[in-house]
Amino acid sequence: MHNSAKRLARLVDRGHAAVQSVTISRAGHHWYASVLARVEQDLPDRPSRRQRGAGAVGVDLGGKTPAALSAPITMPGQAPRLLVPNPRHLAADTKRLAKAQRNLSRTVKGSRRRRKAARHLGAIHHWVAERRATYLHTVTKLLATTYATVAVEDLNVAGMSASSRGTLADSGKNVRQKAGLNRSILDVSPAEIRRQLTYKSFWYGSQLAVCDRWFPSSKTCSACGWQNPRLTLADRVFTCTQCHLVVDRDLNAARNIAAHAIPVPVPGTVAPGTEETQNARGAATRPTTPQGGRQAALKREDPVPAGPPRESNLLTVPANAESATMHAEKQQVAEGALLARRDGPEFQRRFRREVRRAPLT
């Protein structure tokens, strides 16, 4: 467990929580116990007065700056700032990882030294992942608890971090530079930030808004709306030729995201532990019938008939005359097929075999 279990123990003693399962796992050189509990708590249905006073904030995620904000936040022990500093967790331990990987490659497979080197390499990777997770949780909680609306951009992380090696026939360009950019993007973890904001905004009463993926937030002036189609990734300052606005490109994108993002409806938000998970049909995945049936997971536009579901049977008599005629024809076809099977050689062989196996009375 990352935190103390005293709070959970107090909730269980008071009858406000029930432990359902405990999962033991190992990461690096640490063991963890993940406790799944059903807890009764009141979630806010609207932002607080402080959140409403702060308004909305736009978040622009990137490789150089993890989050550029349209409104400032105060990190622990730091002054309010618009650009969240990038700690670069992976780059900070690159030398240690390279040395540990070289030591692992020089060992013999199946030896004790190889197992020890693998444990050391896994511990370094776990240390990097834990520091990254702690930093992301700090930033996302500050955003969800400070502002009433948190606006983000719908990023295609898989496409942004795709390799540019190309194929044998058509080789890629600037492969090493693109690989370094991919490492920077994945170290920021934009998809994890989006996932945490999705459920934390529901937990703390704020609302998540998403900007369209194809909206040119970095190329559009946040003051007058003029667009610069020639803006490249190397241009770190946005200069507007219409209103003469000069601003950092990430801050300009954050302001545009805050202005053009569309709020996500609460029923579509998937928050763990809040009974909101939905399937592709928009119905609840957990059955609500006492016997645990699956009839409750259906979502129909027409009214569901009362009573148990009807079986498809040829002996069922239809209501009207036209369907009765069709039913009679189908029944005749079925009876003819049954007689044909009885007259066939395979049926005769099976019949004689069963007669020989039958006990004499």
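Quick note: residue numbers are just sequence positions, from 1.
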Peer 1: Using a 3.5 Å cut-off and no angle test, enumerate the donor-acceptor pairs between side-chain atoms of residues 65-83 and protein atoms at least two apart in sequence or in another chain.
Peer 2:
unit_1, atom_1, unit_2, atom_2, d
Ser70, OG, Gly58, N, 2.7

Peer 1: Answer yes if the side chains of Ser163 and Arg165 hold a donor-acceptor pair under 3.5 Å, and no otherwise.
Peer 2: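 Side-chain D/A pair, Ser163 to Arg165: present.
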
Peer 1: Can you tell me if Asp235 and Thr232 form a side-chain donor-acceptor pair at under 3.5 Å?
Peer 2: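 Yes, a side-chain donor-acceptor pair sits under 3.5 Å.
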
Peer 1: Measure from the side-chain N and O atoms of Gln51 to the backbone N and O of Ala144, and report whether any donor-acceptor pair falls under 3.5 Å.
Peer 2: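 Yes.
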
Peer 1: Rounded to the nearest 0.5 Å, how far apart are CZ of Arg213 and CG of Leu155?
Peer 2: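 Rounded to the nearest 0.5 Å, the CZ-CG separation comes to 8.0 Å.
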
Peer 1: Assess whether atom CZ of Arg26 is packed by more than 12 heavy atoms of other residues, nucleotides or ligands within 6.0 Å.
Peer 2: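 Enclosed: over 12 neighbouring heavy atoms sit under 6.0 Å from CZ of Arg26.
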
Peer 1: So with a 6.0 Å cut-off around CZ of Arg236, is the heavy-atom count from everything else above 12?
Peer 2: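 Yes, because the 6.0 Å sphere around CZ of Arg236 holds more than 12 heavy atoms from other groups.
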
Peer 1: I'd like to know if the side chain of Asn252 reaches the main chain of Ser222, judged simply by a donor and an acceptor atom lying under 3.5 Å from each other, with no hydrogens or angles considered.
Peer 2: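 Answer holds: yes.
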
Peer 1: Are Leu186 and Ile124 grouped together when hydrophobic residues (ILVMFWY) are joined by side-chain heavy atoms under 4.5 angstrom apart?
Peer 2: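 The answer is no; the residues belong to distinct hydrophobic clusters.
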
Peer 1: Test of understanding: clusters of I, L, V, M, F, W, Y form through side-chain heavy atoms closer than 4.5 Å, transitively. Do Val59 and Leu251 belong to the same one?
Peer 2: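 As far as the 4.5 Å side-chain criterion goes, Leu251 and Val59 are not connected within one cluster.
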
Peer 1: Measuring from atom CG of Leu121 to atom CZ of Arg114, what distance do you get when rounded to the nearest 0.5 angstrom?
Peer 2: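 Leu121 atom CG to Arg114 atom CZ measures 10.5 Å (nearest 0.5 Å).
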
Peer 1: For atom CZ of Arg50, decide whether the heavy atoms of other residues, nucleotides or ligands shown that lie under 6.0 angstrom number more than 12.
Peer 2: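 More than 12 heavy atoms, drawn from other residues, nucleotides or ligands, come within 6.0 Å of this atom.
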
Peer 1: Please say yes or no: joined through hydrophobic side-chain contacts below 4.5 Å, possibly via intermediate residues, are Tyr147 and Val210 part of one cluster?
Peer 2: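 Same hydrophobic cluster.
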
Peer 1: Specify whether His30 and Tyr32 have parallel, tilted or perpendicular ring planes, treating 30° as the upper limit for parallel and 60° as the lower limit for perpendicular.
Peer 2: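 Judged by the thresholds at 30° and 60°, the geometry between His30 and Tyr32 is tilted.
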
Peer 1: Any idea how His126 and His29 line up, ring-wise: parallel (<30°), tilted (30 to 60°), or perpendicular (>60°)?
Peer 2: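 Aromatic pair His126/His29 classed perpendicular.
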
Peer 1: Is the closest side-chain heavy-atom distance between Ser218 and Phe238 below 4.5 Å?
Peer 2: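 Heavy-atom side-chain distance check fails, nothing below 4.5 Å.
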
Peer 1: State whether the number of non-hydrogen atoms from other residues, nucleotides or ligands found under 6.0 Å of Arg113 atom CZ is greater than 12.
Peer 2: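 Open.
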
Peer 1: Has Lys178 got more than 12 heavy atoms of other residues, nucleotides or ligands less than 6.0 Å from its NZ?
Peer 2: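 For Lys178, atom NZ is crowded (more than 12 foreign heavy atoms under 6.0 Å).
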
Peer 1: Could you tell me which non-hydrogen atom of Leu231 sits nearest to which non-hydrogen atom of Val237, and how far apart they are?
Peer 2: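 Scanning both residues, the minimum pair turns out to be CD1-O, 4.4 Å.
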
Peer 1: Counting only heavy atoms from other residues, nucleotides and ligands, does the tally under 6.0 Å from CD1 of Ile262 exceed 12?
Peer 2: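 No - once you tally the heavy atoms of other residues, nucleotides and ligands closer than 6.0 Å, there are 12 at most.
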
